[in-house]
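Notes to accompany the following structure.
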Number of protein chains: 2
Amino acid sequence: MITINDIAKEAGVSIGTIDRVIHNRGGVSKKTEAKVNAIIKKHDFKINVIASSLASNKKFEIATLIPEFDSKNTFWKSPMMGISKAKEDIEKFGVKVNSYTFNQFEVSSYVSQFKKIIASKPDAVIFTPLFGTETQLLAEALDNKKIPYIFLNVNLDGFDNMSFIGQDSYMSGVLAGKLMHLSINDDASIAIMQTRINVDNNHAIYNRISGFDDYFTDNNISINRTKVTIFNLDDTDELKEKLHDMFNANPTIKGIFVPSSRVFSFANCIDNSKIKDLALIGFDGTEQNIKCLEDGRVSFLISQKPFKEGYESIKLMVDYLIEKKRPVSKIYSPIEILTKENVKFSMELK
Amino acid sequence: MITINDIAKEAGVSIGTIDRVIHNRGGVSKKTEAKVNAIIKKHDFKINVIASSLASNKKFEIATLIPEFDSKNTFWKSPMMGISKAKEDIEKFGVKVNSYTFNQFEVSSYVSQFKKIIASKPDAVIFTPLFGTETQLLAEALDNKKIPYIFLNVNLDGFDNMSFIGQDSYMSGVLAGKLMHLSINDDASIAIMQTRINVDNNHAIYNRISGFDDYFTDNNISINRTKVTIFNLDDTDELKEKLHDMFNANPTIKGIFVPSSRVFSFANCIDNSKIKDLALIGFDGTEQNIKCLEDGRVSFLISQKPFKEGYESIKLMVDYLIEKKRPVSKIYSPIEILTKENVKFSMELK
DNA sequence: GTTAACTTCGTGTGCGTACACGCAAATGTA
DNA sequence: TACATTTGCGTGTACGCACACGAAGTTAAC
């Protein structure tokens, strides 16, 4: 393995000069440059990434901004954990990650956090552009400063974002439709549970419902589907009552589709005797959901590996910052089907 | 980020001593060691892999031995690609990977390749212990030389292997059973396609069939299941004839379970008009299988991410060689369900 | 001869690694 | 007891390889 030193000797110049040639930093005569390049080519010299990253003590800062999570809305916990994991992994490369969160129900919190980020002069930003209009303005600030940014989980068109990482929510809805179709008889009917606007990750939810609906429409399956709206998922009494009314009004309901990560809330409000005959399908392998899956109260969970999304978004950005590798513009996470049988193997390897 | 130097200062000793503590090289008094360890723990010091691998100009060599693949038996292609990818990734850490393959139908090829590996004096070996008796002898040689090894894809008990990475084939069979059950009516019947012994990855196949069977038995589902044996999958004529006979003999067959990666062979030998009403379930997201999935001739594929298995086995070993991190003794890959809807998102991120 | 503009050199830096060596206490020997 | 030898514990530092910047050398221009 040839080193910069060997080249310097062979070319009869110092390693400083070699370094300038390699990095095109100028200040080298045409003659010397040609000579050095010839030697580099001759020996197929490749820069030693290890030594390089040790020497170039460049310190990058990446800022991340995603919605906060709490014990009820745990959706954003996984991406955050992925970000944290990536943070550890890349620390050794001298890249710092500063994580910010915002309240997804308050535009003002989004804006103010974003402004903080811009003020911190990061080298790159990874964020969830939940609010279109405001993002317009904020992204412009990043564009002006030539700060690269990646959209995480929510995609908006017409922006200069380097990439988008997230799920194809529509397709995951279609898949949910298929699984539901397999799980119930054709003469049964289905309830689609909706929550009030501004729910956790509501952008995706809308698409999931479309996909779910379209599966039945496109395949000419005439299973009856009812949309039921719940106002407060944390109000167990309301939920139980609503469900009770629902089953009374429509006793043929055998499938319940919950297009959010809250399927466990429903599972916990249905009697054990009744739930046996029901197919519940929901999203995201959160702790509570997995519990329901394991004891058979939920049939399928669809997960988009949100941990990995968070993790990869950082890794991608680091690859860009350090090695100038531009990622592709859209990266879809896998749409994973979780069942009782495979769930315990579904956590990330390692 | 805390360095070895900071620790030395804080402990009031030299960095040499810190190094000895970190690597357990002895020659440090209990007192000093405790003190240093406390500081290491306090600051959560992690060795800087970059600097470490630069300094220790050690060149590790990992040998891998897995079955060869060809255009028909493509199962082993993915692990090999995972190995190749990992190879690239770790090259910069001064770790070399030498890949060997053997003919899975010839014990002698396994043994001779293994002997080559031992002769090459590798620092670690990753291999598929397909033949038990022979492995006994060969693994002993590794034990004697204190060369660590990981089992890939096939697990054998009673060995000193550092870890096993592979799938829980039994459970993937159970899952296949569940999906099959969902896909057909209770009055239909199922054909389980067996191939002659010595088929690609036959170890797993046996377990898959057990799992599949047990799903029905354990859940008291009385769907009729027939086992059909095919001698040569590459003989299209034999296959077509067998299938034809089978459907004649048992017209209620609506589900076909192929416990290997060869489900595409079956799909390609069934008329388009007939296949519409059939549920075909197979294993592994090989190119040909995915094609069948996409055009609807196969309902489900179950995949254990063999690429990732290959990739992770190397990474795990590198972590051990460089950082002395011992992996857990058994690592199961996810049992992934592939459908028409999610298959295009299932390739690895990046 | 002075200045400015180019080129190139030399070296400290990043962070561990590993080995040579120093020093003191413990043990051995006569 | 007096001295030598062995152990045990630590120190100091030369690497590994590229990076980056101040300083010095060279050339050309006026």
Side-chain angles (χ1 to χ4, degrees), chain A residues 1-37 39-40 43-60 90-96 321-324, chain B residues 1-37 39-40 43-60 90-96 123 318-319 321-325:
Chain A
M1 197 115 199
I2 190 167
T3 73
I4 227 180
N5 236 305
D6 302 329
I7 295 177
K9 269 183 203 139
E10 190 168 338
V13 295
S14 81
I15 56 168
T17 304
I18 308 297
D19 190 58
R20 288 146 167 281
V21 173
I22 292 172
H23 297 287
N24 258 313
R25 253 191 262 114
V28 182
S29 67
K30 288 248 154 50
K31 214 178 81 186
T32 310
E33 192 180 337
K35 194 174 176 183
V36 170
N37 274 328
I39 297 172
I40 287 178
H43 296 295
D44 189 31
F45 168 82
K46 292 269 170 59
I47 217 160
N48 182 327
V49 201
I50 300 290
S52 171
S53 86
L54 180 63
S56 80
N57 208 19
K58 45 191 162 193
K59 299 220 180 314
F60 288 114
I90 60 168
E91 204 178 16
K92 46 174 163 276
F93 293 99
V95 181
K96 232 182 111 184
L321 291 175
I322 293 184
E323 304 183 45
K324 286 277 171 266
Chain B
M1 193 147 181
I2 190 166
T3 73
I4 226 181
N5 236 304
D6 302 329
I7 295 177
K9 269 183 204 140
E10 190 169 337
V13 294
S14 80
I15 55 168
T17 304
I18 308 296
D19 190 57
R20 286 145 169 282
V21 173
I22 292 173
H23 297 288
N24 258 311
R25 255 191 259 114
V28 183
S29 68
K30 288 241 156 56
K31 213 178 82 188
T32 311
E33 192 181 335
K35 193 173 176 185
V36 170
N37 275 326
I39 296 172
I40 285 178
H43 295 294
D44 190 31
F45 167 82
K46 295 270 171 58
I47 219 160
N48 182 327
V49 202
I50 300 291
S52 170
S53 83
L54 180 61
S56 81
N57 210 18
K58 222 183 277 168
K59 300 230 178 310
F60 288 113
I90 60 169
E91 203 179 16
K92 43 172 165 279
F93 292 100
V95 181
K96 235 183 109 184
D123 298 286
V318 171
D319 274 357
L321 292 174
I322 295 184
E323 304 183 48
K324 287 277 170 267
K325 277 191 203 157

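By convention in this document, chain letters (A, B, ...) are assigned in the order of the sequence lines, proteins followed by strands, and residues within each chain are numbered from 1.
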Between [N] atom [atom2] and [X] atom [atom1], what is the distance in whole Å?
X        : N       : atom1 : atom2 : answer
Lys30(A) : dT7(C)  : NZ    : P     : 8 Å
Lys31(B) : dG8(D)  : NZ    : C1'   : 14 Å
Asn48(B) : dC15(C) : CG    : C1'   : 6 Å
Asp6(A)  : dC17(D) : CG    : P     : 8 Å
Ile50(B) : dC17(D) : CD1   : P     : 15 Å
Asp19(A) : dA18(D) : CG    : P     : 9 Å
Ile47(B) : dG14(C) : CD1   : C1'   : 15 Å
Ile4(B)  : dT17(C) : CD1   : C1'   : 8 Å

Among [options], which nucleotide sits nearest the side chain of [X]?
X        : options                   : answer
Leu54(A) : dC15(C), dG16(C), dA20(D) : dC15(C)
Ser56(B) : dA18(C), dC19(D), dC17(D) : dA18(C)
Ser14(A) : dG10(C), dC17(D), dC19(D) : dG10(C)

Would you indicate, yes or no, if [N] has its OP1 or OP2 atom less than 4.0 angstrom from a side-chain nitrogen or oxygen of [X]?
X        : N      : result
Thr32(A) : dT8(C) : yes
Ser29(A) : dT8(C) : yes
Thr17(A) : dT7(C) : no

Inset, instruction - Among Asn37(A), Ile18(A), Thr17(A), find the residue that satisfies the side-chain contact (heavy atoms from CB on, under 4.5 Å) test when tested with Thr32(A). - result: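 The side-chain contact (heavy atoms from CB on, under 4.5 Å) with Thr32(A) is passed solely by Thr17(A) among Asn37(A), Ile18(A), Thr17(A).
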Legend entry - side-chain contact (heavy atoms from CB on, under 4.5 Å) evaluation trace for Asn24(B) with Glu33(B): CA-CA 9 Å; Asn24(B) 258 311; Glu33(B) 192 181 335; 4.3 Å; yes
Legend entry - Donor-acceptor contact present, side-chain Ser52(A) to main-chain Asn48(A), <3.5 Å: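 Pair absent, no side-chain N/O of Ser52(A) close to backbone of Asn48(A).
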Legend entry - Backbone of Gly26(B) reached by a side-chain donor or acceptor of Arg20(B) within 3.5 Å: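 Yes, because the side chain of Arg20(B) sits within donor-acceptor range (under 3.5 Å) of the backbone of Gly26(B).
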Inset, instruction - For Gly12(A), report the nucleic acid contact type (base, sugar-phosphate, nothing); a contact means any heavy atom under 4.0 Å. - result: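 Sugar-phosphate: the residue Gly12(A), judged by heavy atoms under 4.0 Å, touches backbone atoms but no base.
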When you compare the protein's N or O atoms with those of nucleotides 21-28 of chain D, which come within less than 3.5 Å of each other, and at what distance?
none

Legend entry - Residue whose nearest DNA chain C nucleotide is more 5′ - Val13(A) or Ile22(B):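 With Ile22(B) and Val13(A) compared, the 5'-side residue is Val13(A).
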Legend entry - Side chain to side chain, Ile22(B) and Ile4(B), heavy atoms closer than 4.5 Å: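 Ile22(B) vs Ile4(B): side chains touch.
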Legend entry - side-chain contact (heavy atoms from CB on, under 4.5 Å) evaluation trace for Lys9(A) with Ile15(A): CA-CA 8 Å; Lys9(A) 269 183 203 139; Ile15(A) 56 168; over 6 Å; no
Inset, instruction - Please assess Arg25(B) against Asp19(B) for the test side-chain contact (heavy atoms from CB on, under 4.5 Å), listing each intermediate value before the final yes or no. - result: CA-CA 8 Å; Arg25(B) 255 191 259 114; Asp19(B) 190 57; 2.6 Å; yes
